[in-house]
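Okay, so here's the structure we're looking at.
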Amino acid sequence: MKEINFGEFADPWRGPKPMTEEPWIHETSIVKNSRLGVWTAIGQRCEVLDSDLMDYSYLVKDAEVFNAEVGKFVNIASHVRINPTNHPMWRATLHHFAYRSISHFMADDDDAEISNWRKQYRTVIGPDVWIGHGAIVMPGVAVGTGAIVGSGAIVTKDVADYTIVAGNPAKLIRRRVDEETENALKRIAWWDWSREQIIAAIPDFRKLDSAEFAKKYDR
Ligand SMILES: CC(C)(COP(=O)(O)OP(=O)(O)OC[C@H]1O[C@@H](n2cnc3c(N)ncnc32)[C@H](O)[C@@H]1OP(=O)(O)O)[C@@H](O)C(=O)NCCC(=O)NCCS
């Protein structure tokens, strides 16, 4: 047996290129027509299109986000897909050629009706959400503040704040915190604190559970 240490991690947490306040985007990823907040990170082979990704949110790798509003401090695991678009099921063909016609050299224009229709279904992810490995969040769905989406889930309906859902279709497993704590955490809204306030509270984020944290900071 031989001890092996091979290759560099290609992410900002362990890799050679550290994070800064500027969005961190791996060279293999694509970000188009989107806005990224401070301390955001996009790992390997991701695509972020027509979306907003607010402060501190990150995609691990091989994740796709389209036409979405992603809140602050959202954790998006690898192979997650947010807003996989639908094809025009009412038409005689589902195929691209009828709307991405230019790239198929089959018409001089593309069909704006399809892109406008897709734009109506913006997926919204609240702050402090965790989306587990390989989950899919469907078009137009809202995932509430502090919610957890289990690995492999297919989320077809809105997810309530501070709940945990999993499965296909995703169903409620349990609440993440009790109602009193949920309300307090939403009043505290620590995700809107300044960076300095958050840094000062790190010992409490570490040692207190959510109920204890809510009690201490809900003034
Ligand atoms: C959803 C999750 C957070 C639940 O954790 P938990 O509250 O500790 O849940 P438990 O393990 O006690 O399971 C509770 C029930 O949910 C089911 N369940 C848990 N995770 C599930 C999942 N991802 N899909 C389907 N069912 C799941 C369990 O089988 C169990 O069902 P039962 O009550 O019928 O026995 C966790 O299972 C999960 O999916 N984590 C995501 C991990 C991940 O993707 N990490 C990526 C790196 S960021």
Side-chain angles (χ1 to χ4, degrees), residues 7-15 17-19 23-26 28-29 31 36-48 51 53-66 68-84 123-138 141-186 190-191 198 202 205-214:
E8 294 277 14
F9 286 113
D11 66 44
W13 308 284
R14 300 169 295 182
K17 186 181 150 205
M19 288 182 91
W24 190 104
I25 304 170
H26 192 267
T28 56
S29 286
V31 178
L36 304 186
V38 295
W39 297 100
T40 45
I42 312 289
Q44 298 168 78
R45 296 178 302 276
C46 292
E47 272 191 31
V48 179
S51 296
L53 192 77
M54 294 174 74
D55 302 352
Y56 295 88
S57 292
Y58 66 88
L59 279 58
V60 176
K61 59 184 166 195
D62 298 294
E64 283 184 59
V65 176
F66 169 72
E69 203 71 49
V70 178
K72 294 180 186 172
F73 297 92
V74 172
N75 311 263
I76 299 177
S78 48
H79 298 273
V80 163
R81 184 138 188 203
I82 295 177
N83 202 344
T123 296
V124 179
I125 314 290
D128 197 36
V129 163
W130 173 31
I131 303 185
H133 182 100
I136 301 174
V137 184
M138 296 303 279
V141 166
V143 178
T145 300
I148 298 172
V149 172
S151 45
I154 303 194
V155 185
T156 57
K157 297 205 166 80
D158 291 356
V159 177
D161 296 346
Y162 285 100
T163 59
I164 303 175
V165 300
N168 175 13
K171 300 264 187 249
L172 179 74
I173 291 187
R174 62 181 174 86
R175 296 181 62 99
R176 179 179 150 196
V177 298
D178 62 40
E179 223 172 320
E180 195 185 333
T181 304
E182 172 187 335
N183 291 331
L185 288 172
K186 290 199 278 200
W190 60 263
W191 45 87
I198 292 175
I202 283 179
F205 277 114
R206 289 182 179 178
K207 78 170 187 286
L208 305 179
D209 68 20
S210 13
E212 291 165 339
F213 187 94

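When a ligand or atom number is given, it counts from 1 through the structure's own listing order.
- Taking each heavy atom of G43 and S29 in turn, the nearest pair found is O-OG, 2.5 Å.
- For the side chain to side chain contact (heavy atoms under 4.5 Å, CB included) with V137, the qualifying choice from I76, V143, V129, V65 is V143, the only one to do so.
- Ion pair E182/R175 flagged as a salt bridge, since at least one NZ, NE, NH1 or NH2 atom sits closer than 4.0 Å to an Asp/Glu carboxylate oxygen.
- In this pair, W13 and Y58 present their aromatic rings perpendicular. The plane angle is above 60°, beyond the 30 to 60° band.
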Tabulate below the donor-acceptor pairs under 3.5 Å that side-chain atoms of residues 147-158 make, not counting sequence neighbours, or state none.
{"unit_1": "D158", "atom_1": "OD1", "unit_2": "A142", "atom_2": "N", "d": "2.9"}

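- Ring pair F73/Y56 is parallel by interplanar angle, where below 30° counts as parallel and above 60° as perpendicular.
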Check each N or O atom of ligand 1 against all protein N or O atoms and list the pairs under 3.5 Å, with atom names and distances to 0.1 Å, one per line.
{"unit_1": "ligand 1", "atom_1": "7 (O)", "unit_2": "R174", "atom_2": "NE", "d": "3.0"}
{"unit_1": "ligand 1", "atom_1": "7 (O)", "unit_2": "R174", "atom_2": "NH2", "d": "2.8"}
{"unit_1": "ligand 1", "atom_1": "23 (N)", "unit_2": "S151", "atom_2": "N", "d": "3.4"}
{"unit_1": "ligand 1", "atom_1": "23 (N)", "unit_2": "S151", "atom_2": "O", "d": "2.9"}
{"unit_1": "ligand 1", "atom_1": "23 (N)", "unit_2": "S151", "atom_2": "OG", "d": "3.4"}
{"unit_1": "ligand 1", "atom_1": "39 (O)", "unit_2": "S151", "atom_2": "N", "d": "3.0"}
{"unit_1": "ligand 1", "atom_1": "39 (O)", "unit_2": "S151", "atom_2": "OG", "d": "3.3"}
{"unit_1": "ligand 1", "atom_1": "44 (O)", "unit_2": "H133", "atom_2": "N", "d": "2.7"}

